[in-house]
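In what follows, a single structure is set out as structure tokens and then discussed.
The shown structure was predicted, so the numbers you read here are calculated from the model rather than taken from an experiment. What's counted below: heavy atoms across the whole structure, side chains too, no hydrogens, waters or symmetry copies.
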Amino acid sequence: ANRHGDNHSVAFLTVIDGRQLGGARNWFRDSGIEQPILVGREFMRSHDIASVPTTWVVGRDGVVVFEHVGYQRDIDRELGARIQHALALK
């Protein structure tokens with residue numbers, strides 16, 4: 001997130017069901033990452049999100065171009081490539 005912070009074509013949002021709100025806030029603060037957190041059980045249900053974390057990269061057209069479910073230690077490398085790909089899409 002920090003690497004793309006100045007690029008206004010990239011946005012980040014964390015969606016949680018509410019039970020993890022305190023832990024999520026602490027993790028982002030400790031990691032030095034500033035991004036919005038949406039507490040949305042209904043959003044999670046309506047988008048079939050059954051496990052957290054679930055990470056999406058969404059193209060400029062609003063279509064999900066990448067989804068990853070679960071924790072991955074080095075996901076930042078993959079996300080960087082997926083974000084660059086999404087930015088290149090017309």
Determine, stepwise, if the pair L87 / R60 fulfils side chain to side chain contact (heavy atoms under 4.5 Å, CB included).
CA-CA 7 Å; L87 290 171; R60 294 174 195 214; 3.7 Å; yes

Pair V52, M44 - check side chain to side chain contact (heavy atoms under 4.5 Å, CB included), show working.
CA-CA 10 Å; V52 291; M44 291 177 69; 3.7 Å; yes

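Among all heavy-atom pairs drawn from I16 and T14, the shortest one is CG2-CG2, 3.9 Å.
Among residue pairs with one or both ends in residues 63-75, those qualifying as side-chain hydrogen bond (donor to acceptor under 3.5 Å, both in side chains) are W56-E67, H68-Q72, Q72-D74; sequence neighbours excluded.
For T55, the side chain to side chain donor-acceptor pair (under 3.5 Å) criterion is met by no residue, not counting sequence neighbours. Legend: residues meeting side-chain contact (heavy atoms from CB on, under 4.5 Å) with V57, ordered by chain and number and at least two apart, are V65, F66, L79, R82, I83, A86.
Both V15 and V64 sit in one connected hydrophobic cluster of ILVMFWY residues. Membership requires side-chain heavy atoms under 4.5 Å apart, directly or through other members.
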Just list the side-chain donor-acceptor pairs under 3.5 Å for residues 36-43, sequence neighbours left out, or say none.
from: R41; atom 1: NE; to: D17; atom 2: O; distance (Å): 2.7
from: R41; atom 1: NH2; to: D17; atom 2: O; distance (Å): 3.4
from: E42; atom 1: OE1; to: R45; atom 2: NE; distance (Å): 3.4
from: E42; atom 1: OE1; to: R45; atom 2: NH2; distance (Å): 3.3

